[in-house]
Structures are given as structure tokens and as C-alpha cells.
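Inspection log for the structure reproduced underneath, given as C-alpha cells.
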Amino acid sequence: MPVSRQKLYEWCSIPVDELMDHPDRRLPLMIVEDSAQMGEVMAAELADAIEQANRQGRAFRCIVPCGPKAWYAPFARMINTRGISMKNVTVFHMDECLDWQGNLLPEGDPHNFRAFMEKYFYGPVAPELAVPAEQRHFPTPHNILQLRQLVAEAPIDLTLGGWGQDGHIAYNQSRRHPYATITLEELRNSTLRVQENNWDTIMALAHRNFGAAYQFVPPMSVTMGLKECLSAKRVRLYSDTGAWKQTALRAALFLPPDPEYPMTLLQEHPDAMVIATRETASHPISEHPEWQFPGIKG
């Protein structure tokens, strides 16, 4: 069933200052002032967790995204200044973009996630503290079965991520195919795979990155499934990109789990939280009570 327009209007009408204490909120929320603060919070989440695992003398396994960009410099600073060794860390990267034939993109393509992460996530860390190369796992169309097995071998300690315009985690989008719809249970149990990207995902990325030139947005991806992403003991999703993410956040906070907004499945996790900048947590409908929409009661 489509999400009720009336309910969506009601959720989007809630002022940002009322979200934290709203009685109907279904998911833990943190609101930070801006991108810089969010980057510090996100970086500390991972750096502190690795440091704790080191003190306990155990390995640490995590799933990390390509973005948001604000956390990479603070993370490298924390690791380097505090001398946090990442020799016992295994990193599983969430997703990778593909061309129309399902091939990996050239290294210089701005949507080549591996190239970006090698430069901004791994590059600034002191070599003596860095994650060993053999413990960095990037998904490709050729290692799907291997990575599924590696993720399942032992618990994931932490999943970090963002969310998309439809609330997708990694590239686990709302399924739009007219002849192959999926149930909530199927979405919940989705695993690492190659897939076509939704048209609305392509257009959202085009508007965000390329002045609406959708011709330059990768049409396919290889992605961790929600089964892998939500298997972690702790899940934290972050966004500092404002309007692109505002409605999906409201759905995640108030809509029961629904395949139209995949991040609503966070509500079922015992230790999940979304962290948003104030701009991302706000919504234009909440700022314009005078707006009227056909069939909607204000």
C-alpha cells in the first residue's frame, strides 16, 4: 500500500524543535547544528569503538559508507593524534557504483567509491596505524559470494551509513520494478547483490552532483543488503545534505516499517540511531502551515 499522503503531511508538518520529544517518534534521533559537528560525531563513533576494542584485545569489524564527506578528516585526526591502531580492524565497504553493463567505473570517475575511500578514508591515516590492505573489503560484481561469507563469519560491531532520498541504506532502495515487487520480509533479508538503480535515485544524484545531468550518474550498483547492514550490533546513520533527505527522515521517525522507505527497518534494531543536521531534520512543510494541498486536512 502507498504511504498515506495525509500521514506524510502530518509528519512533515512537525516543527524541527518538536522532533526530539515527540511522543510518536519510533526511532532514536540526534540533531546536530551543522556538517562540521556531524563529522566530529560520526568520526568519534568509529574511532572510540576501535579504541575500546583495542583495550579489550579483540578484533573489530565494521561496515562503512562512501560519505558523508564531513567525517573523514576528523576521523584521520583522531586516529593519528590518539595513536589508535587499526591493525585489528576489518572494514567492509557498503557499495560501489557500476556502469550500464555492470562494470566497475574508471578510477577517475567521481562515483568510483573505492578510489574516493582510498584517498580520503585510508590515505590520511599514518601507515603504522592503518587498516592492513588485506582487511579492506570492497564489493565488486565478482566477489559477491566471498563477501557474503566473510560478513557472516563473525559479528559486525558497527555499521555506519547515510540514507538516500527514499530512505535507502547503502543502495537498498525502495523497489520500483512494476513486475517484481518485494515484501517487507524480502527487503529485510536482502543480501549483497548487483542491481539497477531506481530512476528517482539517479535523478536525485544528478540534481545533487551534476546540475541535473543524469547522463553522468551510474545506472547500476553492487550493494550490501539490509541483512548485512543491519546485522551489526550497533547501527548509526548520518546526513548533512538537507532537502534531499528531509522527507525520508520523517518517514523513518514516524512510519512503521514499510518497503517504500527501507530505513524504517531501523526501528526493529536494538541499537540504531539517526543523526541529522538541523537543516536535514527540518522540513519546508513544517515552516509553511498556510500551504494547502488537495485532499489534505491541515
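Just the heavy atoms: all of them, side chains too, but no hydrogens, waters or symmetry mates, feed the values below. Values in this document were obtained by computation on a predicted structure and should not be read as measured data.
For E228 (side chain) and L192 (main-chain N/O), a donor-acceptor pair under 3.5 Å exists by modelled atom type. At distances below 3.5 Å, at least one donor-acceptor pair connects side-chain atoms of D166 with backbone N or O atoms of S174. Distance alone, capped at 3.5 Å, is enough to place a donor-acceptor pair between the R25 side chain and the L19 backbone. Using a distance-only test at 3.5 Å, with no hydrogens or angles considered, no donor-acceptor pair links the side chain of R234 to the main chain of A49. No donor-acceptor distance shorter than 3.5 angstrom exists from the side chain of E51 to the backbone of I79, with no hydrogens or angles considered. Between the side chain of N112 and the main chain of A115, a donor-acceptor pair closer than 3.5 Å is present.
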Next item on the list: Step by step, work out the ring-ring contact (aromatic ring centres under 6.0 Å, His included) result for Y9 and H283.
Entry: CA-CA 10 Å; Y9 174 83; H283 201 285; 9.5 Å; no
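Aromatic rings from Y122 and F116 are positioned such that their centres are separated by 6.0 Å or more. Taking the ring centroids of F121 and W71, they lie under the 6.0 Å cut-off.
Within 6.0 Å of CD on E185 lie more than 12 heavy atoms contributed by other residues, nucleotides or ligands. Shown here is W291, whose CH2 atom has more than 12 heavy atoms of other residues, nucleotides or ligands within 6.0 Å.
In this structure, the separation between CZ on R278 and OG1 on T280 is 11.5 Å, given to the nearest 0.5 Å.
Looking at D240 and S35, their side chains do bring a donor and an acceptor atom within 3.5 Å of each other.
For R148 and E153, the salt-bridge test fails: no basic side-chain N is under 4.0 Å from an acidic carboxylate O. A salt bridge is defined here as a Lys NZ or Arg NE, NH1 or NH2 lying under 4.0 Å from an Asp or Glu carboxylate O, and E10 with K297 fails to meet this definition. Salt-bridge annotation for D109 and R114: absent, with no side-chain N of the basic residue lying under 4.0 Å from a carboxylate O of the acidic one.
Among all heavy-atom pairs drawn from Q267 and P257, the shortest one is OE1-CD, 3.2 Å. Nearest heavy-atom pair, A248 versus M263, reported as atom, atom and distance to 0.1 Å: O-SD, 3.9 Å. For the pair M42 and P65, the tightest heavy-atom approach, listed with the atom from each and the gap, is CE-CG, 4.1 Å.
Side-chain contact between F254 and R26 is absent, with no heavy atoms from C-beta onward closer than 4.5 Å.
Using cut-offs of 30° and 60° on the angle between ring planes, the pair F113 and H111 is tilted.
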